[in-house]
Amino acid sequence: MDLGLRGATAAITGGTKGMGRASAERFAQEGASVAVLARGREALDETVAALGAAGCPDPVGLQVDVGDRAEVERAFADLEDRWGSLNILVNTVGPGAARFEDLADEDWEAVFDVGLMSVVRCVRAALPLLRAAEWARIVNVSAHSIQRQSPMLVAYTASKAALTSVSKNLAKSLAPEGILVNTVSPGSIVTASFSEGLRPMFEAEGLDPTDRYDVMRWIDAHFHQPADLGRAGLPDEIAVTVAFLASRVNGYVTGANINVDGGSDFI
């Protein structure tokens with residue numbers, strides 16, 4: 001299916017790894033110009049080169065800490081100077097995990113700053129560019145844990161639930177302008193950071209942290225949240241949904257939270 005993304009412009013936070021990187025590559029393959037926003041210069045340069053090789057006509061790497069309002073505003077000012085408008089904003093940055101008893105006040109504040117306020121800053125800075133475009137979409141990455149709670153993810157889940165709520169409100173307020181806003185809620189996804197971070201625990205149990213079926217066995221054993229497909233997902237499987245929601249082909253889905261979780265929730 002032609003998603004109508006050729007010639008479009010897209011900005012993706014957290015675009016150098018995981019689901020953000022997969023989404024950036026999907027947009028590049030569809031012929032969109034893509035800006036990836038992240039903190040690491042080396043990762044940005046490598047991603048920009050890969051996007052160019054994938055067919056992106058104008059790949060851009062912007063070194064920015066989305067926790068810093070001034071840096072965010074500068075990044076989108078740079079995009080305004082370069083492109084004049086923006087069709088797509090995708091926010092994929094997310095906080096880490098911890099149990100309730102391990103979280104001090106400042107930890108909660110830090111989680112909400114990453115999980116919610118980083119998106120607020122980016123949407124606020126991007127809105128003039130989105131409004132200047134012929135068509136515009138916002139896709140925010142939430143989490144399936146907002147529907148299936150886990151003690152390890154209490155603050156993370158709270159921030160993602162807040163993000164989903166804000167996204168629905170934005171969808172309502174921006175609908176008269178034709179700007180569509182949706183969230184995608186991934187289930188258990190095998191990313192490089194996930195696999196490397198949990199490698200010692202997986203290997204202690206004789207499991208491979210890069211194997212989708214082993215990952216779901218581990219998730220089921222430790223969190224009791226299996227997927228009906230019997231495996232974890234891949235970043236590309238999130239990127240496909242992000243690309244559709246962010247595309248011109250999507251003309252009527254807004255205010256939705258789309259589960260991409262292998263059959264983990266049917267609420």
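Predicted model, so just to flag it, every value in this text is computed and none were measured.
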Any chance you could lay out the salt bridge (charged side-chain N to carboxylate O under 4.0 Å, His left out) test for Arg217 and Asp208, step after step, and finish with the verdict?
CA-CA 10 Å; Arg217 292 184 187 99; Asp208 179 356; over 6 Å; no

Of Ile138, Leu5, Leu245, the one forming a side chain to side chain contact (heavy atoms under 4.5 Å, CB included) with Ile88 is Leu5

Within the supplied structure, the quantity of interest is the number of heavy atoms (other residues, nucleotides, ligands) at a distance under 6.0 Å from [X] [atom1]; does it exceed 12?
| X | atom1 | value |
| --- | --- | --- |
| Glu42 | CD | no |
| Asp81 | CG | yes |
| Arg124 | CZ | yes |

Please enumerate all residues that pass side chain to side chain contact (heavy atoms under 4.5 Å, CB included) together with [X], with sequence neighbours excluded.
| X | answer |
| --- | --- |
| Asp102 | Arg99 |
| Leu129 | Leu79, Glu80, Leu86 |
| Ala24 | Ile12, Val34, Val36, Leu51 |

Is Phe112 reachable from Leu153 through a run of hydrophobic residues whose side-chain heavy atoms are each under 4.5 Å from the next?
no

I'd like to check [X] versus [Y] (side-chain heavy atoms, cut-off strictly below 4.5 Å). Are they in contact?
| X | Y | value |
| --- | --- | --- |
| Met201 | Leu207 | no |
| Met19 | Val184 | no |
| Val260 | Val242 | no |

Show, in sequence, the C-alpha distance, side-chain angles and deciding distance for Asn257 and Thr164, and conclude whether the side chain to side chain donor-acceptor pair (under 3.5 Å) test is met.
CA-CA 7 Å; Asn257 176 49; Thr164 303; 4.6 Å; no

Ion pair check, Asp45 and Arg41, cut-off under 4.0 Å
yes

List the atom of Gly94, the atom of Lys160, and the distance in Å for their closest heavy-atom pair.
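Between these two residues, the closest heavy atoms are CA-NZ, 4.1 Å.
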
Excluding sequence neighbours, so at least two apart, what forms ring pair (Phe, Tyr, Trp, His ring centres under 6.0 Å) with Phe202?
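Here the qualifying residues are Trp218.
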
Pairs meeting criterion side-chain hydrogen bond (donor to acceptor under 3.5 Å, both in side chains) with involvement of residues 23-38, two or more places apart:
Arg21-Glu25

Determine, step by step, whether Phe76 and Leu89 satisfy the side-chain contact (heavy atoms from CB on, under 4.5 Å) criterion, reporting the C-alpha distance in whole Å, the side-chain angles of both residues, the deciding distance to 0.1 Å, and the verdict.
CA-CA 11 Å; Phe76 284 96; Leu89 173 65; 3.9 Å; yes

Indicate every side-chain donor-acceptor pair of residues 54-70 with a distance under 3.5 Å to a residue at least two apart or in another chain.
{"residue": "Asp58", "atom": "OD1", "partner": "Arg82", "partner atom": "NE", "Å": "3.4"}
{"residue": "Asp58", "atom": "OD1", "partner": "Arg82", "partner atom": "NH2", "Å": "2.7"}
{"residue": "Asp58", "atom": "OD2", "partner": "Arg82", "partner atom": "NE", "Å": "3.0"}
{"residue": "Asp58", "atom": "OD2", "partner": "Trp83", "partner atom": "NE1", "Å": "2.8"}
{"residue": "Gln63", "atom": "NE2", "partner": "Arg39", "partner atom": "O", "Å": "2.8"}
{"residue": "Asp65", "atom": "OD1", "partner": "Gly67", "partner atom": "N", "Å": "2.9"}
{"residue": "Asp68", "atom": "OD1", "partner": "Ala70", "partner atom": "N", "Å": "3.0"}
{"residue": "Asp68", "atom": "OD1", "partner": "Glu71", "partner atom": "N", "Å": "3.1"}

